[in-house]
Each structure stands twice: as C-alpha cells, then as structure tokens.
Amino acid sequence: MTTAAEAIARLQLQPHPEGGYYRETYRSPLAVTHPETNTVRAAVTAIYFLLEAPDFSAFHRVRSDETWHFYDGDPVELHLIDPAGQHELRELTRTNPQTTVPANCWQAARLAANRGWLLAGCTVAPGFDFADFEMPSASELTQIFPQHARLITTLARRNP
C-alpha cells in the first residue's frame with residue numbers, strides 16, 4: 001500500500017478513540033480469566049492499527065501485555081511510562097519491527113519525524129476489552145506524573 005488512505009480503505013479501518021485507525025482481525029475463542037481483574041477475556045486479540053501524522057496515539061493503558069508489530073510505513077516512537085513513573089522511549093521500525101508494552105504501562109505513539117504514516121499490528125494477551133482500557137486527560141495524567149508534564153501535554157488528549 002502506498003498511502004494511508006489506501007490502507008484505511010483496503011483494510012476497512014475505523015477511527016480509534018486514542019487516535020489513528022484500527023480494525024480487530026482476531027479474537028481467540030479460547031477464554032481465560034484475567035489474573036488482575038478476575039474477569040473472563042479472550043486469550044488473545046489482534047488488530048491492525050494505522051497512525052498518520054500529525055495525529056498521535058494518546059497516552060492510555062491496558063491491563064494486558066500488548067505487542068506491537070511493524071508492517072509498513074514510517075518509524076514510530078512509543079513513549080512508555082511505567083507504574084513507578086519511569087519513562088522509556090522505544091522505536092518501532094523496519095529494523096526493530098516488534099516490541100511489547102507490559103500490562104498497566106502508560107503508552108503513547110507518534111510518527112518519529114512527525115510525518116508519514118505507520119501500519120502496525122497490536123496483539124494483546126489476555127485479549128483486549130474496552131473495560132480494561134484507560135485514557136485520562138492530559139491534566140489527570142500530569143497530576144500523577146508531574147515530572148513528565150511536557151511529554152504528557154504533547155501526547156494526551158485534553159478531554160478524551
């Protein structure tokens with residue numbers, strides 16, 4: 001695919017609340033009990049995720065591990081803030097095509113050069129459920145991590 005618009009149309013992607021576009025491609029029929037919430041979830045889920053500059057994937061967290069897979073496009077920066085408040089920057093590129101965000105880690109993504117687009121896959125285990133998804137406003141997250149206020153202000157929604 002040569003453009004983001006072509007990928008969005010061909011893959012039938014829809015807008016995602018955190019930014020970008022997505023479509024779920026797999027939900028395991030196998031069910032497991034989530035160890036943190038004691039709720040039943042699919043064992044694993046998978047989506048296509050497309051991000052086009054200048055949009056970004058706003059800071060959010062999921063209660064499961066999430067593995068990102070690079071498919072096409074331009075390098076993306078993944079900004080992680082762990083529960084203790086440590087920031088880590090990871091790049092997802094053609095030469096570094098996979099990374100896993102641990103459960104309960106705050107994450108945000110943007111195109112590395114703030115131009116172009118990225119087509120990725122995200123695999124979540126135990127499977128994704130919007131009940132396990134949190135996306136606070138920039139002011140709410142800044143109250144938790146004031147040391148990262150500048151980054152949070154850049155990569156969080158004002159009113160999600």
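Counting all heavy atoms, side chain and backbone alike, L78 lies closest to A109 at CD2-CB, 3.6 Å.
In this structure, Y21 has no ring-ring contact (aromatic ring centres under 6.0 Å, His included) partners at least two apart in sequence or on a different chain. By the side-chain contact (heavy atoms from CB on, under 4.5 Å) test, E88 pairs with L80, R90, sequence neighbours left out. Here F49 pairs with W68 under the ring-ring contact (aromatic ring centres under 6.0 Å, His included) rule; sequence neighbours left out. Judged as a ring-ring contact (aromatic ring centres under 6.0 Å, His included), and not counting sequence neighbours, H34 has no contacts. Residues passing the ring-ring contact (aromatic ring centres under 6.0 Å, His included) test with H87, sequence neighbours excluded: H79, H148.
With contacts defined as side-chain heavy-atom distances shorter than 4.5 Å, the pair F133/H60 qualifies. Contact of the T142 side chain with the I152 side chain is registered, since non-hydrogen atoms from C-beta on lie closer than 4.5 Å. Counting only heavy atoms from C-beta outward, the side chains of E66 and T123 never approach each other to under 4.5 Å. Within the 4.5 Å cutoff, no side-chain heavy atoms of V44 are placed close to those of V124. R94 has its side chain within reach of D72: a pair of non-hydrogen atoms, C-beta onward, lies under 4.5 Å apart.
Just one of V101, D82, L141 meets the side-chain contact (heavy atoms from CB on, under 4.5 Å) condition when paired with W106; it is L141.
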Please test Y22 against I47 for side chain to side chain contact (heavy atoms under 4.5 Å, CB included), starting from the C-alpha separation and ending with a verdict.
CA-CA 6 Å; Y22 81 109; I47 65 168; 4.1 Å; yes

May I have the list of side-chain donor-acceptor pairs in residues 26-33 shorter than 3.5 Å, sequence neighbours left out?
residue : atom : partner : partner atom : Å
R27     : NE   : E24     : OE1          : 3.4
R27     : NE   : E24     : OE2          : 3.1
R27     : NH1  : F128    : O            : 3.3
R27     : NH2  : E24     : OE1          : 2.7
R27     : NH2  : F128    : O            : 3.0
S28     : OG   : L30     : N            : 3.0

